[in-house]
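Note sheet for the following structure.
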Amino acid sequence: MTKPVTIMRVQDDHDWEMLRPLNKEFMHAMRAIRPERKDVESFAETSFHYFKRHTAERNGIVLLALNEKSEAIGFLSGWVSDSDGLDEGHPQTGNIISAYIKPAYRNHYTFKTMGQKAAEHFKELGLDRLFFSTLATNTRTQELFLKLGFKPHKVSFEIKLDELS
């Protein structure tokens with residue numbers, strides 16, 4: 001059964017404070033994928049301020065998903081970024097920077113609805129591309145994006161410099 005969810009745009013300090021604990025939960029969940037992030041509490045606070053600043057500076061959008069009790073159960077953040085140069089004629093794109101849905105609310109179209117609202121925001125700004133990057137180990141998110149119609153765009157590789165032979 002689909003749980004009732006309301007999607008709202010973060011607009012004021014009260015809304016941002018609703019996001020803060022959810023962002024912290026997201027950072028703890030990310031630790032399973034990125035174990036090198038040791039100080040999750042500090043990183044969560046730093047990323048919170050980063051989202052807030054860049055949303056304002058880069059024509060961004062932050063959406064909160066609320067359950068029937070008006071509790072925050074998910075978020076999506078994104079902003080306008082300069083193109084990476086791989087797309088001629090598209091100097092700027094919409095970028096979904098982060099997204100998180102509490103496990104009990106996944107598979108209920110919450111992310112899809114937030115993604116559609118973010119896409120509308122970027123279309124209103126005159127953009128015609130939307131990007132989302134995720135870690136290679138986050139295969140569940142990759143599967144979701146493929147289902148939503150996203151196409152793989154580029155692949156990044158990483159190595160620690162002291163391991164380079």
Side-chain angles (χ1 to χ4, degrees), residues 1-34 37 40 43-44 47-48 50-56 58-81 83-84 87 90 92-156:
M1 183 172 110
T2 301
K3 299 177 182 185
V5 173
T6 302
I7 308 298
M8 63 170 272
R9 185 169 181 168
V10 172
Q11 296 184 12
D12 59 28
D13 288 339
H14 176 265
D15 299 344
W16 280 104
E17 288 307 313
M18 289 178 70
L19 173 64
R20 187 187 300 266
L22 194 60
N23 183 59
K24 186 184 283 189
E25 185 175 326
F26 168 59
M27 291 299 144
H28 280 281
M30 285 297 295
R31 182 128 193 265
I33 299 171
R34 306 256 332 246
R37 288 192 175 156
V40 174
F43 189 76
S47 72
F48 175 80
Y50 178 83
F51 289 151
K52 196 171 181 180
R53 184 179 72 249
H54 281 72
T55 299
R58 297 184 180 181
N59 291 316
I61 186 168
V62 176
L63 299 167
L64 271 178
L66 308 175
N67 67 11
E68 63 279 359
K69 297 176 186 174
S70 296
E71 298 166 328
I73 55 92
F75 75 91
L76 179 145
S77 65
W79 51 70
V80 175
S81 296
S83 175
D84 60 11
D87 292 311
H90 302 281
Q92 292 187 314
T93 62
N95 259 343
I96 297 174
I97 303 302
S98 290
Y100 177 72
I101 309 290
K102 288 186 174 202
Y105 290 87
R106 293 179 184 162
N107 302 317
H108 297 284
Y109 302 100
T110 304
F111 179 81
K112 182 177 181 179
T113 303
M114 286 194 296
Q116 289 168 335
K117 288 189 179 288
E120 290 169 13
H121 168 75
F122 294 122
K123 281 182 187 177
E124 289 172 4
L125 295 174
L127 304 178
D128 66 354
R129 304 280 169 133
L130 182 60
F131 288 88
F132 185 91
S133 297
T134 189
L135 296 170
T137 56
N138 195 350
T139 56
R140 186 169 183 207
T141 298
Q142 292 173 39
E143 290 168 5
L144 171 63
F145 277 91
L146 290 170
K147 282 182 187 176
L148 294 175
F150 281 75
K151 307 277 186 280
H153 178 66
K154 63 182 179 179
V155 177
S156 297

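Every value quoted in this text rests on a predicted model; they were computed, and no experiment measured them.
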Spacing of [atom1] belonging to [X] relative to [atom2] belonging to [Y], to within rounding of 0.5 Å:
| X | Y | atom1 | atom2 | result |
| --- | --- | --- | --- | --- |
| Thr93 | Leu125 | OG1 | CG | 11.5 Å |
| Thr139 | Leu146 | OG1 | CG | 11.0 Å |
| Ser98 | Met27 | OG | CE | 5.5 Å |
| Phe75 | Ile101 | CZ | CD1 | 9.0 Å |
| Lys112 | Lys147 | NZ | NZ | 11.0 Å |
| Ser77 | Phe26 | OG | CZ | 8.0 Å |

ask   = Quick one: which of Ile73, Leu76, Thr6, Leu22 gives a side-chain contact (heavy atoms from CB on, under 4.5 Å) with Leu64?
value = Leu22
inquiry  = Would you say the ring centers of Phe111 and Phe145 fall short of 6.0 Å from each other?
reply    = yes
State, to 0.1 Å, how close [X] and [Y] come at their nearest heavy-atom pair, and which atoms those are.
| X | Y | answer |
| --- | --- | --- |
| Lys52 | Trp16 | CA-CH2, 3.4 Å |
| Ala44 | Asn23 | O-ND2, 2.9 Å |
| Ala65 | Val5 | CB-CG1, 3.7 Å |
| Ser81 | Asn95 | OG-ND2, 3.0 Å |
| His121 | Asn59 | NE2-O, 2.8 Å |
| Leu130 | Ala119 | CD2-CB, 4.3 Å |

task = State, yes or no, whether a side-chain contact exists between Tyr100 and Arg106 at a heavy-atom distance under 4.5 Å.
result = yes
ask   = Between Leu66 and Met18, is any pair of side-chain heavy atoms under 4.5 Å apart?
value =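 They are in contact (side-chain heavy atoms under 4.5 Å apart), so the answer is yes.
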ask   = Can you tell me if Glu71 and Asn67 form a side-chain donor-acceptor pair at under 3.5 Å?
value =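 A pair is found: one side chain offers a donor N or O, the other an acceptor, under 3.5 Å apart.
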ask   = Salt-bridged, Asp13 to Arg20, with N to O below 4.0 Å?
value = no
